[in-house]
K.L.:
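Got a structure for you, written out below as structure tokens; questions coming shortly.
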Amino acid sequence: MFSKPYDVIVVGGGHAGAEAAAASANMGSNTLLVTMNLQTIGQMSCNPAMGGIAKGQIVREIDALGGYSGIVSDISAIQYKMLNRSKGPAMWSPRVQSDRMMFAEAWRVRLEHTLNLDFYQEMVQDLLFEGDAVVGVITSLGLKIFAKSVILTNGTFLNGLIHIGEKNFGGGRAGESASTGLTSTLINRGFSSGRMKTGTPPRVDGRSLDFNSMEEQPGDAEPSKFSYSPETTPLTSQRSCHITYTSDEVHQTLRSGFDRSPMFNGSIKSTGPRYCPSIEDKVNRFADKNRHQIFVEPEGWNTVEYYINGFSTSLPEDVQYDALRKVKGFENVKFFRPGYAIEYDYFQPTQLQHTLQTKLVKGLFFAGQINGTTGYEEAAAQGLIAGINAHNFLSGASEFILKRSEAYIGVLIDDLITKGTEEPYRMFTSRAEYRTLLRQDNADLRLTPLGHSIGLASDERLASVQHKISQTALLKDFYEKTSVSPQDANPFLVAKGSSPMRQSDKMLKIYSRPRIDFKDMNTLPEVSSFIEQYNIDKDVQEQVEVQIKYSGYIEKEKSNADKLNRLEAVTIPASFNYDALASLSHEAKEKLNSIRPKTISQASRISGIKPSDISVLLVQLGR
């Protein structure tokens, strides 16, 4: 069965592994996905949802490039919401509540229908090397499987240790064993590792909850979807989530278990996610707050299991239960399973290139939580990029690297490679300096041509984008050239609290006013007639609205991005001797020697590097 070497072996079947395997196989590499349990491919280990603030942009970008996370999310969605609608479009972020079982099944089915992709169930315990290159893996049964490249996507399984109160035991997640052996192999090859922590809340029986005493959170009245592909459609019915709150009484009960909490008694020594703290951490850190939100999320269409978002905890199970019973609506709660914390090994991502290939071993790629990230979306994005670059590494094609001005995925990977991380890294809109350019509504316009050029996005996808571009230009040109009379425009202007017109003016000028949206403009006979004549859909109308209303911001960010890209063009030779520059500080030399940036732009983003250090480098490079 394994007499011939594979092009790519992907270790791990989570979000990163699934995207990596799909990408390399779809690009033509003979790929093997090795995982400890084939029944948990694409498993949602934590919350049953995809997207959210900044994460929704990532899912849209994965889809635009030709990855599968957006399609799988649409197939398994039970609720859709566009978050941050009250803010500008750069902040809008799509999110779906998912059916956990359908999500994993959709991934498994999609992968099984992918050409060039094989599967094998076993633990990978070691790697095979020849000189400075990886040449395969060794399983726990001693089986040697050879390959030209290997992608490690081990999630939380590397020496995973689960904590519930004073109890702890090895595991990659509840009910599954940890992965052993690989960490020591990599350390022996010169890699630096660390430990991180994440947690998950209790899952409960929805039949034991009183939803009437909670706040209902329905989905959008007009739901959209993640994928730009026509094979998925928006939801026609949705399941609601609910919100309730903790109280002083709940907090007091939680505090009663702090002496048995692994977070406070020294059992957990690793760093957890700052932006997604456990409930005991919130009670301890924010002692002045008398309540915290609890989101009650259904796990699927046909299950009574609920995920208690906001109540992540590693407290003893009896304390979890007693505290949760004091939350409004949970007075008679029944647990399906308690919450827990998990510690696991990760490797500092500064040891990687922007392709996610390691600097120390040729052909070896890391993706997902092994790089210190948290979240399905961040993992899936890394898996996609690793899969693309593993294929390109073997075929001799150019490295596939997204710039910070091109995608949130580019921001994510550049942050990891350039700055490293000491805590689980999570994407936020604030991390992207060009977020007005990197909106969720234009991911297809930005990235589908790139995805098509490498063979992932289909011809149909490219044709759809080209049609959208031409229709956007057509409608925008119409607004720029067509005039409107006060008689036609004043009714909706006055209704929206905008000053009435005194004389005819270009539609573009009226549309640029605050509070005027495309629905208002569609009340104009000329506009509705034009839209009907050219069959212009809602997505194009919204795209034109953003381009018109935010044109000043967009142009300013494009200008700033152009300046950044000019610095990206100033490359630093791989053999550059930083120690020879007397004008560089000791800290700068240490950081630059450690990261070995490829460009001046990357060097400028390294923590501790000053503008004066960049000036020294530019002078030395003759710029």
K.L.:
Go through Phe103 and His15 one step at a time and tell me if the ring pair (Phe, Tyr, Trp, His ring centres under 6.0 Å) criterion holds.
P.N.:
CA-CA 11 Å; Phe103 187 92; His15 298 259; 5.5 Å; yes
K.L.:
When Asp414 is tested against each of Arg404, Gln602, Arg431 for side chain to side chain donor-acceptor pair (under 3.5 Å), which residue passes?
P.N.:
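Only one option passes, and that is Arg404.
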K.L.:
Has the side chain of Ser76 got a donor or acceptor atom that lies under 3.5 Å from a matching backbone atom of Val72?
P.N.:
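The answer is yes, because a donor-acceptor pair under 3.5 Å joins these two groups.
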K.L.:
Using a 4.5 Å cut-off on heavy atoms from C-beta on, say whether the side chain of Thr355 contacts that of Phe400.
P.N.:
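No, every pair of side-chain atoms sits at 4.5 Å or beyond.
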K.L.:
Would you say that Pro486 contacts Pro500 through its side chain, given a criterion of any heavy-atom pair below 4.5 Å between the two side chains?
P.N.:
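A side-chain contact is absent here, since even the closest heavy-atom pair is not under 4.5 Å.
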K.L.:
Considering only heavy atoms from C-beta outward, does the side chain of Pro349 approach that of Phe366 to under 4.5 Å?
P.N.:
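No; the side chains remain at least 4.5 Å from each other.
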K.L.:
Do Tyr245 and Asn290 meet the criterion of a side-chain donor-acceptor pair at a distance under 3.5 Å?
P.N.:
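There is no such pair (donor and acceptor under 3.5 Å, judged by atom type) between the side chains of Tyr245 and Asn290.
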K.L.:
Taking the side chain as everything from C-beta on, heavy atoms only, tell me whether Lys538 gets closer than 4.5 Å to Glu222.
P.N.:
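Yes. Closest side-chain heavy atoms under 4.5 Å.
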K.L.:
Applying side chain to side chain donor-acceptor pair (under 3.5 Å), run through Asn371 and Gln382 and close with a yes or a no.
P.N.:
CA-CA 9 Å; Asn371 291 336; Gln382 293 171 72; 2.9 Å; yes
K.L.:
With a 6.0 Å cut-off (strictly less than), is the heavy-atom count around CD of Gln503, excluding the residue itself, greater than 12?
P.N.:
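Counting neighbours around CD of Gln503, 12 or fewer heavy atoms of other residues, nucleotides or ligands fall under 6.0 Å, so no.
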K.L.:
Keeping Glu557 on the side-chain end and Leu437 on the backbone end, is there a donor-acceptor pair under 3.5 Å?
P.N.:
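Yes.
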K.L.:
Does Arg291 CZ have over 12 foreign heavy atoms under 6.0 Å away?
P.N.:
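No, CZ of Arg291 has 12 or fewer neighbouring heavy atoms, counting only those of other groups under 6.0 Å.
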K.L.:
Enter the distance from Ile469:CD1 to Leu474:CG here, rounded to the nearest 0.5 Å.
P.N.:
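Rounded to the nearest 0.5 Å, the CD1-CG separation comes out at 13.5 Å.
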K.L.:
I'd like to know if the side chain of Asn442 reaches the main chain of Arg439, judged simply by a donor and an acceptor atom lying under 3.5 Å from each other, with no hydrogens or angles considered.
P.N.:
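Judged by distance alone, yes, a pair lies under 3.5 Å.
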K.L.:
Classify the ring geometry between Phe211 and His242 as parallel (under 30°), tilted (30 to 60°) or perpendicular (over 60°).
P.N.:
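Aromatic pair Phe211/His242 classed tilted.
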K.L.:
Evaluate the side chain to side chain donor-acceptor pair (under 3.5 Å) criterion for residues Glu545 and Gln541: first the C-alpha distance (whole Å), next the side-chain angles of each, then the deciding distance (0.1 Å), finally the verdict.
P.N.:
CA-CA 6 Å; Glu545 182 171 311; Gln541 294 176 57; over 6 Å; no
K.L.:
What distance do Phe311 atom CZ and Ile294 atom CD1 have between them, rounded to the nearest 0.5 Å?
P.N.:
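Between Phe311 CZ and Ile294 CD1, I get 6.0 Å after rounding to 0.5 Å.
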K.L.:
Go through the side-chain N and O atoms of Ser528 and Asn522 and say whether any donor and acceptor fall under 3.5 Å apart.
P.N.:
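Result is no, nothing qualifies.
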K.L.:
Rounded to the nearest 0.5 Å, what separates atom CD1 in Ile78 from atom CH2 in Trp301?
P.N.:
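If we round to the nearest 0.5 Å, Ile78:CD1 and Trp301:CH2 are 6.5 Å apart.
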K.L.:
Just by modelled atom types, is the Arg110 backbone N or O under 3.5 Å from a matching donor or acceptor in the Thr114 side chain?
P.N.:
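Checked: pair present.
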K.L.:
With distance as the sole criterion, is a donor-acceptor pair present between the side chains of Tyr425 and Asp415 under 3.5 Å?
P.N.:
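Yes, because at least one side-chain N or O of Tyr425 sits under 3.5 Å from a partner of the opposite role on Asp415.
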K.L.:
Should we say atom CZ of Phe530 is surrounded by more than 12 heavy atoms from elsewhere, each under 6.0 Å from it?
P.N.:
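Enclosed.
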K.L.:
Could you give the distance from CG (Leu65) to CG (Leu402), rounded to the nearest 0.5 Å?
P.N.:
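Leu65 atom CG to Leu402 atom CG measures 6.0 Å (nearest 0.5 Å).
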K.L.:
To the nearest 0.5 Å, what is the distance between CG (Leu356) and CD (Glu399)?
P.N.:
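Answer for the CG-CD pair, Leu356 versus Glu399, is 11.0 Å.
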K.L.:
For the pair Thr418 and Arg605, evaluate side chain to side chain donor-acceptor pair (under 3.5 Å) and give the outcome as yes or no after the intermediate values.
P.N.:
CA-CA 7 Å; Thr418 303; Arg605 295 190 293 273; 4.8 Å; no
K.L.:
Can you tell me how the ring of Tyr479 sits relative to the ring of Tyr511, calling it parallel under 30°, perpendicular over 60° and tilted otherwise?
P.N.:
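Plane angle over 60°, so perpendicular.
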K.L.:
Is it the case that Thr232 and Asp74 place a side-chain donor and acceptor less than 3.5 Å from each other?
P.N.:
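A pair is found: one side chain offers a donor N or O, the other an acceptor, under 3.5 Å apart.
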K.L.:
Within the 4.5 Å heavy-atom criterion, are Arg435 and Met91 side-chain neighbours or not?
P.N.:
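In short, these two side chains touch, coming nearer than 4.5 Å.
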